[in-house]
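The next block holds one structure in the form of structure tokens; read it before the comments.
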Amino acid sequence: MIDAARITQALAERHLFPDPRQRDAIEALALLGDASHATFDGVYCYGLPGRGKSLVVDAAFGVAVGEKRRVHFHEFLRDIHRQLVREPKCDDRLAAVANRWLDGVELLCFDEFHVHDIADAFLIGRFLDIALARGVRLVLTSNYAPQQLLPDPEFHERFEPTIAVILQRFSIIHFDGATDYRMGGEAARLPRWIAPLERARDVLPLHYAALEGMPASAPSEVTVAGRALPVRSAGDRVLWASFDDLCVAHRSHLDYLALAEHWQSLIVDDLHIERLQRPDTLQRFLWLIDIAYDRQRTLLIASDAPLIPALDALSEWRDLSRTISRLAEMGSLDYERRTLMLPR
């Protein structure tokens with residue numbers, strides 16, 4: 001199913017040469033597809049942001065032979081919840097939905113696997129059991145060790161049976177390399193993180209026109225995930241809106257998925273850094289960045305103070321190291337080139 005030499009070749013074509021832990025993962029992924037040698041049913045890759053988990057899984061998924069599916073965890077949860085709502089009443093709606101969702105799938109890759117909510121914990125636990133029973137080969141990437149999933153002490157014990165399944169049936173690879181591959185790249189030609197706001201007012205209209213191919217239109221309102229969103233401008237490729245309307249207002253990851261599905265570029269304007277001290281606002285902002293990154297969207301953010309140092313000062317918040325690492329890559333020339341190659 002997965003050839004190790006082809007993974008290494010795909011990485012080499014991007015001038016990437018595996019470190020020891022990445023080589024361990026490549027070996028495990030190759031064994032996963034070899035029924036005569038595999039002693040496990042999945043590969044669980046975890047570690048600090050930017051250590052090459054997604055790079056290796058990208059390459060493995062690209063060369064894998066057979067029916068395969070790859071999905072980000074946000075999208076998976078949205079999809080399953082929607083299908084559960086529509087599923088006719090029966091003895092086990094989740095099993096019916098899961099079996100239909102997995103029909104024909106031989107290899108399933110989950111990006112950014114995490115469990116923070118007890119309701120999602122029950123869902124994913126059942127789903128993994130069903131997938132394994134069907135013989136689906138699973139690949140998970142995560143910033144969390146299996147034992148750190150669902151860290152809330154009130155609920156963690158209830159997820160321990162699923163953690164035990166992961167530990168027993170998956171090859172666990174800890175990506176502990178010292179290098180964050182997202183850091184230090186050459187800066188994009190179009191600046192992504194713009195501060196202060198006085199500068200942004202001069203350059204954002206120019207950036208919008210460059211990305212959209214025409215000047216910004218008048219302020220209006222669009223519908224996103226069934227709800228109204230005020231915008232400074234919305235074109236065919238670019239949406240320009242304020243931070244308050246995007247992240248201070250009560251929205252969910254479903255809104256950001258809908259944005260990323262409709263627009264290739266997002267401009268977030270008028271971010272006042274102090275707003276990020278509110279946990280609910282910060283969480284929505286992190287969802288927005290994660291989804292824009294996973295969908296390879298162009299993201300521009302205008303703030304009253306430099307963005308990455310401000311986030312770095314909030315280091316006690318979970319997942320911020322991942323966000324900072326992703327912002328570094330999204331501001332790079334390599335990321336800019338990749339997004340320019342996407343279909344218009």
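In what follows, residues are counted from 1 in the order of the sequence shown.
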Any ion pair linking [Y] and [X] (charged N to carboxylate O, less than 4.0 Å)?
X      : Y      : answer
Asp255 : Arg284 : no
Asp19  : Arg51  : no
Arg169 : Asp129 : no
Arg82  : Asp79  : no

Task: N/O donor-acceptor pair under 3.5 Å between Ser325 side chain and Arg322 backbone - done: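 Pair absent, no side-chain N/O of Ser325 close to backbone of Arg322.
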
- [ ] Report the distance from atom CG of Leu108 to atom CZ of Arg70, rounding to the nearest 0.5 Å.
- [x] 11.0 Å

Open item on the list: Membership question, hydrophobic clusters at under 4.5 Å side-chain separation (ILVMFWY): are Ile308 and Tyr293 in the same one?
Closed with: yes

Sequence neighbours left out, cut at 3.5 Å: what donor-acceptor pairs do the side chains of residues 299-306 make with other protein atoms?
{"from": "Ser303", "atom 1": "OG", "to": "Ala305", "atom 2": "O", "distance (Å)": "2.6"}
{"from": "Asp304", "atom 1": "OD1", "to": "Ile273", "atom 2": "N", "distance (Å)": "3.0"}

Task: Residues forming a salt bridge (charged side-chain N to carboxylate O under 4.0 Å, His left out) with Asp270, sequence neighbours excluded - done: none

Task: Side chain to side chain, Thr339 and Arg297, heavy atoms closer than 4.5 Å - done: no

- [ ] Give a yes or no on this: more than 12 heavy atoms of other residues, nucleotides or ligands lie within 6.0 Å of atom CD of Glu261.
- [x]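 Buried by this count: over 12 neighbours within 6.0 Å.
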
TODO: Measure from NZ or CZ of Arg69 to the centre of the six-membered ring of Trp101, then state whether that distance is under 6.0 Å and the direction lies within 45° of the axis.
DONE: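 Output yes; distance and angle both within limits.
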
Task: ring pair (Phe, Tyr, Trp, His ring centres under 6.0 Å) evaluation trace for Phe73 with His114 - done: CA-CA 8 Å; Phe73 202 57; His114 63 272; 5.1 Å; yes

